[in-house]
Amino acid sequence: MPELPEVEIVKRSLNQKISKSRILNIKIHNKRLRYKLTNSFIQDLVGEKIIKISRKSKYLIFYFSKKILLVHFGMTGKFLIKKSSNKKIFKTSFYYDLNIIPKHNHIYFQLSNGLVLIYNDIRRFGFLKTYNSKKLRNIAFLKKLGLEPFDKNFNENYFSNYIVGKKKNIKNLLMDQTFVSGLGNIYVNEALFLSKVKPTRECASLKKHEIRELIKNIKKILKIAISKGGSSIKNFQGTSGESGKFQQFFYVYGLKNKKCSRLWCKGEIKKIFICNRSSFYCSKCQK
DNA sequence: TTCTTTGTTCCGGA
DNA sequence: GTCCGGAACAAAGA
């Protein structure tokens, strides 16, 4: 499930491979994504030149001269980039070694640089939406987002003020995109472990040093994940079909009943559900 | 058939 | 009115 690091990696890859190219044609195999593609989707984009691709939280933003394409991957959305000269591009066998199922290729963008951009999404919880304005502040999805984790204003002061009187647990707070935007279930679990904070802790009970640790470790875990090419769990793949390596570095996610990786701890990783989301933590060293 | 998975939204209770 | 947790929703695979 793409969280901030995965979307960042896709953004970099797209900028490298397809920015400055023009969309020559679009072929839609399935309109029914999270939100049904509009009837004008093709005419909105054909002929437009991709100026650059940027990221905000878990969203990708394609910039054209006067328009924007907003993309959210949901659970299983991904982009693949292939050479358009390859005639097998629509054939199942072409995708075998990429661990991609071509029946979930929903949109093909033919580009002027000889490449094809493919949107693939197994669950179809992702979406693509065009806007006839470049003003991001008019986009409802974006304007409700809180600070990015790497924003200098995402600091102890902001955190402390935000949690005054808050009774919700820290895990739900970190998942709340209006508080900090870009974290999902995996990285929240990992950041809480690194900070030795139990996911069920009430926000208002957090000590100053714990808040400092959380802020530090959120930034740290995201940077590491980006440097490893993202996490490959649940289908994350780069635009060439390659998997990320970060899953080899999980401390708690998916590690139910394993020993805590802190050698001095000797604790065991527990799995519980918080708001119907699986949460993993060490029952001994996370207080 | 049932369970699991996610981000987001909605609803009811406090 | 506000806050919070739980449920619902989208779809598909095991």
Side-chain angles (χ1 to χ4, degrees), chain A residues 1-8 10 28-38 55-61 70-78 92 95-96 99-107 119-129 139-146 148-149 161-191 198-206 222 225 230-237 243-244 246-247 250 252-257 271-280:
Chain A
M1 61 258 39
E3 302 180 33
L4 187 151
E6 291 76 34
V7 180
E8 175 65 22
V10 172
I28 298 175
H29 280 197
N30 194 344
K31 283 188 174 185
R32 297 179 54 240
L33 303 177
R34 177 79 170 79
Y35 306 112
K36 194 178 173 191
L37 289 184
T38 59
R55 177 191 64 74
K56 186 154 174 48
S57 181
K58 305 173 197 176
Y59 294 87
L60 280 180
I61 304 161
L70 185 70
V71 180
H72 191 283
F73 290 128
M75 272 178 74
T76 54
K78 63 194 67 149
T92 304
Y95 298 90
Y96 273 174
N99 198 23
I100 292 279
I101 302 172
K103 73 173 176 185
H104 301 305
N105 287 348
H106 304 306
I107 310 173
Y119 181 71
N120 178 291
D121 193 342
I122 298 171
R123 299 279 191 273
R124 309 212 312 262
F125 291 177
F127 71 86
L128 295 86
K129 190 166 166 53
I139 298 177
F141 294 106
L142 303 181
K143 66 182 173 190
K144 62 189 164 196
L145 295 174
E148 292 264 328
N161 288 335
Y162 198 96
I163 64 177
V164 172
K166 285 265 191 297
K167 289 194 170 163
K168 70 159 63 172
N169 61 59
I170 181 60
K171 197 211 166 192
N172 281 341
L173 180 78
L174 297 181
M175 296 283 284
D176 182 351
Q177 304 298 303
T178 63
F179 170 63
V180 59
S181 63
L183 296 172
N185 203 20
I186 291 177
Y187 297 109
V188 166
N189 274 289
E190 296 296 301
K198 200 170 173 176
T200 51
R201 275 281 292 284
E202 198 174 285
C203 289
S205 78
L206 291 169
L222 295 176
S231 137
S232 79
I233 192 166
K234 299 294 175 197
N235 297 300
F236 172 70
Q237 289 169 291
S243 292
F246 183 75
Q247 84 285 0
F250 285 168
V252 286
Y253 190 86
L255 299 176
K256 182 185 171 187
N257 296 335
K271 178 181 183 179
I272 58 170
F273 283 89
I274 298 175
C275 258
N276 287 323
R277 295 288 179 269
S278 54
S279 303
F280 300 87

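Protein chains get the first letters and strands the later ones, always in sequence-line order, with residue 1 at the start of each. Computed from a predicted model, the values in this text were never measured in an experiment.
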B:dT8 phosphate, OP1 or OP2, under 4.0 Å from A:Y59 side-chain N/O: yes
Integer-rounded Å distance: B:dT5 C1' and A:F280 CZ: 11 Å
Partner of A:I139 by side-chain contact (heavy atoms from CB on, under 4.5 Å), out of A:L70, A:L145, A:I61: A:L70
Separation of atom CG in A:N185 from atom P in B:dT4, rounded to whole Å: 14 Å
A:C275 SG to A:K168 NZ distance, which is reported to the nearest 0.5 Å: 8.5 Å
Whole-Å gap separating C1' (B:dT8) and NZ (A:K143): 17 Å
Short side-chain N/O contact from A:H104 to OP1 or OP2 of C:dG13, under 4.0 Å: yes
Gap between atoms CZ and P, on A:F179 and B:dT8 respectively (whole Å): 16 Å
A:Y59 and A:H72 aromatic ring geometry - parallel, tilted or perpendicular at 30°/60° bounds: perpendicular
Sugar-phosphate, base or nothing in reach of A:K144, heavy atoms under 4.0 Å: sugar-phosphate
Interatomic distance, A:H72 NE2 vs B:dT8 C1' [rounded to whole Å]: 8 Å
Sugar-phosphate, base or nothing in reach of A:Y35, heavy atoms under 4.0 Å: nothing
Distance, rounded to the nearest Å, where A:M175 contributes CE and B:dG7 contributes C1': 8 Å
Separation of B:dT6 P from A:L174 CG (nearest whole Å): 16 Å
Spacing of OG belonging to A:S278 relative to CZ belonging to A:F273, to within rounding of 0.5 Å: 5.5 Å
Mutual orientation of the aromatic rings belonging to A:Y162 and A:F179 [parallel < 30°, tilted 30-60°, perpendicular > 60°]: tilted
Whole-Å gap separating P (B:dT6) and CG (A:D176): 17 Å
DNA chain B: 5'-proximal contact among A:K271 and A:Q177 (nearest heavy atom): A:K271
Relative orientation of the end axes in the helix from B:dT2-C:dA14 to B:dA14-C:dT2, expressed as an angle to the nearest 10° (five pairs per end): 50°
Side-chain (A:Q177) to main-chain (A:G182) donor-acceptor, under 3.5 angstrom: yes
Rounded distance [0.5 Å steps], CD in A:E202 versus CD1 in A:I170: 11.0 Å
Footprint string (nucleotides 5-10 of chain C, 5' to 3'): B base within contact, S backbone only, - free, heavy atoms under 4.0 Å: SBB--B
Contacts of A:R34 that satisfy side chain to side chain donor-acceptor pair (under 3.5 Å) - sequence neighbours left out: none
Sugar-phosphate only, base, or nothing, as touched by A:F141 at under 4.0 Å among non-hydrogen atoms: nothing
No-hydrogen, no-angle side-chain donor-acceptor test under 3.5 Å, A:D176 and A:N172: no
